[in-house]
Amino acid sequence: MRLDFLKDRIDALKRERLLRVVRDRESPQGRTIKIAGRELINFSSNDYLGLANHPSVVAAAKDALERYGAGSGASRLLSGGTELHRELEETLAAFKSTEAALVFNSGYAANTGMLSAIADSDTTIFSDELNHASIIDGCRLSRAETVVYPHRDMDTLHRLIKKRRKRVLIVTDTVFSMDGDIAPLKDILEIAEEYDALVYIDDAHGTGVLGGGRGALHHFGLSPEPFLLQMGTLSKALGSMGAFVAGERIVVEWAINTVRSLIFSTALPAHVLAASKEAVRIVMNDTTLVKRLWNNRDILYTELKQLGLDTGMSQTPIIPILMNSNEEVLRLSAFLFERGIYVPAVRRPAVKQPRLRISVSAVHTREDLLRLVDVLKEAKQCGLC
Ligand SMILES: Cc1ncc(COP(=O)(O)O)c(C=O)c1O
């Protein structure tokens with residue numbers, strides 16, 4: 001049979017405990033989530049501020065849905081875009097203090113499209129070893145020589161960059177999505193200044209989270225530089241869908257003319273843009289939401305540390321619990337599920353070391369956090385972590 005090779009591969013995944021299935025949820029994702037008829041406390045979502053279900057975000061989307069309909073019909077270059085695209089981009093440029101911004105259909109589309117549009121065979125890309133898969137794929141698509149440097153290792157980056165001959169691009173996540181630690185952006189920008197490098201930061205998990213919500217640059221007290229491109233997602237703390245790149249106007253002009261994931265893909269529908277625009281407005285005006293997120297993160301992190309769990313390098317609301325095997329992490333995730341808590345097990349190829357990936361949100365209650373801690377305590381007594 002022609003498809004037998006797939007069956008063999010799937011069997012191999014099963015043997016290694018790496019086979020995935022997709023689960024349906026029967027509720028909005030938020031503080032809680034309903035799966036298989038069970039209401040669970042949800043620690044799986046990147047909706048860090050609970051904006052996906054915020055009443056004014058939903059109202060803005062509904063209004064745009066009424067006005068513009070469900071779909072956009074074509075690529076933005078064929079007039080699939082609306083005035084809401086432009087308005088959101090103006091809002092995002094103000095949010096990130098840049099000249100301009102450009103919206104993409106997803107973070108994946110932004111990274112693969114932008115990196116392959118700004119790097120080519122005359123470029124050397126320096127990429128952190130724990131960068132997101134969409135960055136890795138963008139580097140591959142660009143056909144640039146890519147040098148992977150050890151995670152957050154600035155001495156090695158410095159040493160490697162000294163030897164470069166071509167145009168240089170440094171690319172890094174700001175918050176690493178599976179470890180929750182933060183890139184040393186100050187050092188990276190200094191190295192870039194010294195060697196005339198371009199810098200591309202993926203602020204997917206920094207936007208709405210770091211720097212009072214404005215992202216990683218604000219967190220470090222850094223200003224946007226002409227040589228810096230800031231990518232952020234609208235799909236995580238901002239609660240809807242899509243992504244953006246913010247920077248100099250010339251970058252946006254180049255992107256509109258060259259980025260294949262933008263040119264050859266149908267534009268996001270207006271209601272998604274309306275939701276994002278309202279979400280950015282909320283983050284810019286309501287500082288309490290981000291504070292609540294960090295307060296929750298600190299409560300949980302302190303408790304997990306006291307329990308003696310291995311939370312790796314976490315510095316943000318992404319808190320991993322590192323485990324030794326796929327078997328162990330699946331068992332622990334199932335144990336939590338049985339007790340009303342949803343925390344996904346993350347395994348290869350997303351990470352080398354299996355882990356539970358806990359995502360804390362501003363909308364979790366103190367009781368939610370302490371319930372998770374209690375169940376983990378019980379799991380520890382049973383020898384599960
Ligand atoms: C660091 C990082 N970059 C990019 C993406 C892709 O974003 P999106 O889900 O909007 O495609 C993700 C998450 O999925 C991410 O964690």
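As a basis for the values below, the full set of heavy atoms in this structure was taken, side chains included, without hydrogen atoms, waters or symmetry mates. Remember, it's a predicted structure, so these values are computed and weren't measured experimentally. We count ligands from 1, going down the list as the structure has it; atoms in each ligand are counted the same way.
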Test: Glu16 and Arg348 ion pair at under 4.0 Å | yes

Please determine, by modelled atom types, if Arg297 and Ser314 share a side-chain donor-acceptor pair under 3.5 angstrom.
-> yes

Around ligand 1, what residues show up once you keep those with a heavy atom under 4.0 Å from it?
-> Ser106, Gly107, Tyr108, Asn111, His132, Ser134, Asp173, Ser177, Asp202, Ala204, His205, Thr233, Ser235, Lys236

More than 12 foreign heavy atoms under 6.0 Å from NZ of Lys166: is that the case here?
-> yes

Charged tip of Arg339 within 45° of Phe335 ring normal and under 6.0 Å = yes

Quick one: do His132 and Tyr108 satisfy ring-ring contact (aromatic ring centres under 6.0 Å, His included)? Show the steps, please.
-> CA-CA 9 Å; His132 190 258; Tyr108 190 88; 7.4 Å; no

Are the side chain of Ser72 and the backbone N or O of Ala267 linked by a donor-acceptor pair below 3.5 Å?
-> yes

